[in-house]
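Notes for the one structure printed next.
Just so it is clear: chains get the letters A, B, ... in the order the sequence lines come, proteins before strands, and each one is counted from 1. Note that the structure is a prediction, hence the values are computed from the model and not measured.
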Amino acid sequence: MLTNAPKGTKDIMPDQVYKWHYVEKKWKEICERYGFKEIRTPMFEHTELFQRGIGDTTDVVQKEMYTFNDHGGRSITLKPEGTSPAVRAFLEHKTYAEVQPTKIYYDIPCFRYEKPQSGRLRQFHQFGVETFGTPNMVADAEIIAIGYDFLTEMGVTDLTLEINSVGCPVCRANHRTALKEFLKPKYDQLCDTCKSRYEKNPMRILDCKSPIDQALVEGAPMMLDYLCDECKEAFEELKENLEAMNIPYVVNPKIVRGLDYYIKTAFEFVTNSIGAQGTVCGGGRYDNLAEEVGGLPIPGVGFGLGKERLLMLMEANGVEIPEPRICDAFIATMGKDAKLFGQKLMRDLRKEGIKVQMDDLQRNFKGQFKYADRIGAAYTIVIGDNEMQMGAANLKNMETGEQVEVKFEDLAKAIKEK
RNA sequence: GUGGGUAUCGGCAAGCGGUUAAGCCAUCGGGUUGUGGCUCCGAUAUGCGUGGGUUCGAAUCCCACUACCCACCCCA
């Protein structure tokens, strides 16, 4: 029991971390290529930030947050997402007083108390980007472009970009009224889930998986038809920008966001190849969020991208992530003198930046070779009585089997050359 | 929160009520004190998720619990 990680958490073991390093490095590279800077916010925030930011009625806030009181009586919550904390930091540090827009990226753990399943964990990790300070659709398109380029460069193929506009509070309310009006006479026929969605989030009914509900929803008023002039224009601009950048998309009028702060642009990169949780990246615009959490009205747009889901998708797509070599040279020794000398040699070579290892288990000579092979050493340096006398080691290339005598002082150079 | 599935060595896995629980991979040791990957030999579960029960006898049947997986919901 004590030797089990808590439900919904996963260890990333040493033989797997290189994959994480790989995507993290690429993520940093691409964000910086786009002119974004990294931000690091705390692991936890005041609970109220999320209640106000994400929205009191959302599932995330109502039943999924890891919330506790600290010893000072403050209600604290492990962050379930990255946008609200980023906005909070932007406001707190009055970054709006600097040249705008502000473009940031991050790489964070998130915590949500959910029932784990494929692609869904209680502690998961996401990459994110946010652009603050511009209401212009150019920013939305740029955010989407980062996601598109990143995913593409990671070798992911079976992925679709779906976009939608969820309108603004005004047009969304109109649509909601019209939709409920439309659904009212059919209410009794809806599935139980949708009955509960009727009041809370009727837009979700449009996306119900039940074929019965799908039929009932036929001809229902769609958000896109209810957009006000401003929102409609914005959506057109977004599409124009995406087309100009050659980013393929499909309009999915059924995309709904579960976080209250989204307005206008909503988008998702979705796949079918990693199970039911197919959204690898999702985001949108949130012009009212800053004000909602008590700050100035600062427009923003961004996305979150699930690292675990990305890794799953890469695996499903057969993307090969190169495993770095952990040992350039293994020093195999015979006899005590050689072993002690090997210790010194190992230190010298390590100072040269070479990855060197020796036996830690008192293996016999043959065992040392076997071990060198197992850990994938590129070279084995052999030192015994003969070598000690000659002042040169036998350097064996483990791949070709080729062996040469190399003076101790020339070893670093010889190994680095290949 | 609601469903469904699975639990035998580090990994994969046979076993389907009857003497000592297959096998493969991995690991460790060895094949005459100096060279790995191939090959050969040997070692490694008194134990079958946990606790009860049925039975002369259970990994094999029943019950409960627990863990993990998958799906709904929701989302990254």
Side-chain angles (χ1 to χ4, degrees), chain A residues 1 3-10 13 15 54 58-64 79-83 107-128 147 151 191-194 196-197 200-201 204 207-210 255-259 262 266-271 274-283 302-313 330-335 338 361 363-388 393-403:
Chain A
M1 196 44 192
T3 56
N4 275 115
K7 196 181 186 72
T9 65
K10 277 238 184 341
M13 296 304 283
D15 63 336
I54 299 172
T58 59
D59 277 10
V60 172
V61 169
Q62 282 194 338
K63 45 190 195 195
E64 295 174 2
K79 61 183 170 197
E81 56 102 35
T83 300
D107 175 358
I108 57 169
C110 291
F111 306 87
R112 292 185 199 170
Y113 187 84
E114 296 194 85
K115 193 137 176 187
Q117 73 186 71
S118 181
R120 201 173 68 186
L121 293 165
R122 290 185 175 175
Q123 178 181 342
F124 61 102
H125 303 264
Q126 51 174 246
F127 293 132
L151 262 1
C191 72
D192 290 347
T193 306
C194 283
S196 73
R197 291 201 266 228
K200 204 178 125 192
N201 199 348
R204 285 226 176 266
D207 209 15
C208 183
K209 290 183 180 75
S210 154
I255 293 184
V256 182
R257 306 268 65 194
L259 281 49
Y262 286 111
F267 65 89
E268 291 182 358
F269 287 90
V270 297
T271 178
I274 57 169
Q277 309 303 316
T279 302
V280 177
C281 173
F303 70 65
L305 190 156
K307 272 160 92 173
E308 284 85 355
R309 290 184 189 176
L310 169 64
L311 259 357
M312 286 168 79
L313 183 57
F330 184 89
I331 300 176
T333 63
M334 294 216 57
L361 282 178
R363 279 180 234 261
N364 60 25
F365 191 62
K366 186 180 182 144
Q368 294 180 47
F369 253 92
K370 211 165 188 168
Y371 181 73
D373 182 57
R374 285 236 80 102
I375 64 173
Y379 288 97
T380 298
I381 296 166
V382 176
I383 304 173
D385 294 342
N386 300 344
E387 287 76 11
M388 293 293 283
N394 177 296
L395 182 66
K396 179 170 184 172
N397 181 319
M398 294 298 276
E399 205 175 321
T400 64
E402 175 195 5
Q403 298 183 50

- Query: Roughly how far apart, to the nearest Å, are B/G17 and B/C73 at atom C1'?
  - Reply: 43 Å

- Item | Spacing of the C1' atoms in B/A67 and B/G49 (rounded, Å) | 7 Å

[X] [atom1]: over 12 foreign heavy atoms closer than 6.0 Å:
X        : atom1 : value
A/Tyr113 : OH    : no
A/Glu399 : CD    : no
A/Asp385 : CG    : no

- Should the pair A/Arg257-A/Glu268 be classified as a salt bridge under the 4.0 Å nitrogen-to-oxygen rule? yes

- Item | Salt bridge A/Lys200-A/Asp59, side-chain N to carboxylate O under 4.0 Å | yes

Check nucleotides 37-39 of chain B against the protein and report each pair of N or O atoms closer than 3.5 Å, with its distance, or say if there are none.
residue : atom : partner  : partner atom : Å
B/G37   : O4'  : A/Asp373 : OD2          : 3.3

- Query: Is a side-chain N or O of A/Arg122 found less than 3.5 angstrom from the main chain of A/Pro116, in a donor-acceptor match?
  - Reply: no

With heavy atoms under 4.0 Å as the rule, sort [X] into base, sugar-phosphate or nothing.
X        : value
A/Glu387 : base
A/Asn364 : sugar-phosphate
A/Val280 : sugar-phosphate
A/Gln403 : base

- Can you give one letter per nucleotide of nucleotides 68-74 of chain B, 5' to 3': B if a protein heavy atom sits under 4.0 Å from the base, S if only from the sugar-phosphate, - if neither? SSSBBBB

Rounded to whole angstrom units, what separation is found between the [atom1] atom of [X] and the [atom2] atom of [N]?
X        : N     : atom1 : atom2 : result
A/Ile331 : B/G36 : CD1   : P     : 19 Å
A/Asp15  : B/U27 : CG    : P     : 14 Å
A/Leu310 : B/A76 : CG    : C1'   : 11 Å

- Query: If pairing requires Watson-Crick or G-U wobble contacts with both distances under 3.5 Å, which nucleotide is the partner of B/A64?
  - Reply: B/U50

- Using the ring of A/Phe124 (Phe, Tyr or Trp, six-membered ring only), decide whether A/Arg112 places NZ or CZ under 6.0 Å from its centre and within 45 degrees of its axis. no

- Item | Verify stack between A/Tyr371 ring and B/G36 base, 5.5 Å, 30 degrees | no

- Nearest 0.5 Å, what's the OH-CG distance between A/Tyr379 and A/Asn394? 12.5 Å

- Message: Could you tell me if the side chain of A/Val256 sits less than 4.5 Å from the side chain of A/Asp207, heavy atoms only?
- Response: no

- Message: I want to confirm an ordering. Mapping A/Tyr113 and A/Met334 to their closest nucleotides on RNA chain B, which one lands closer to the 5' end?
- Response: A/Tyr113

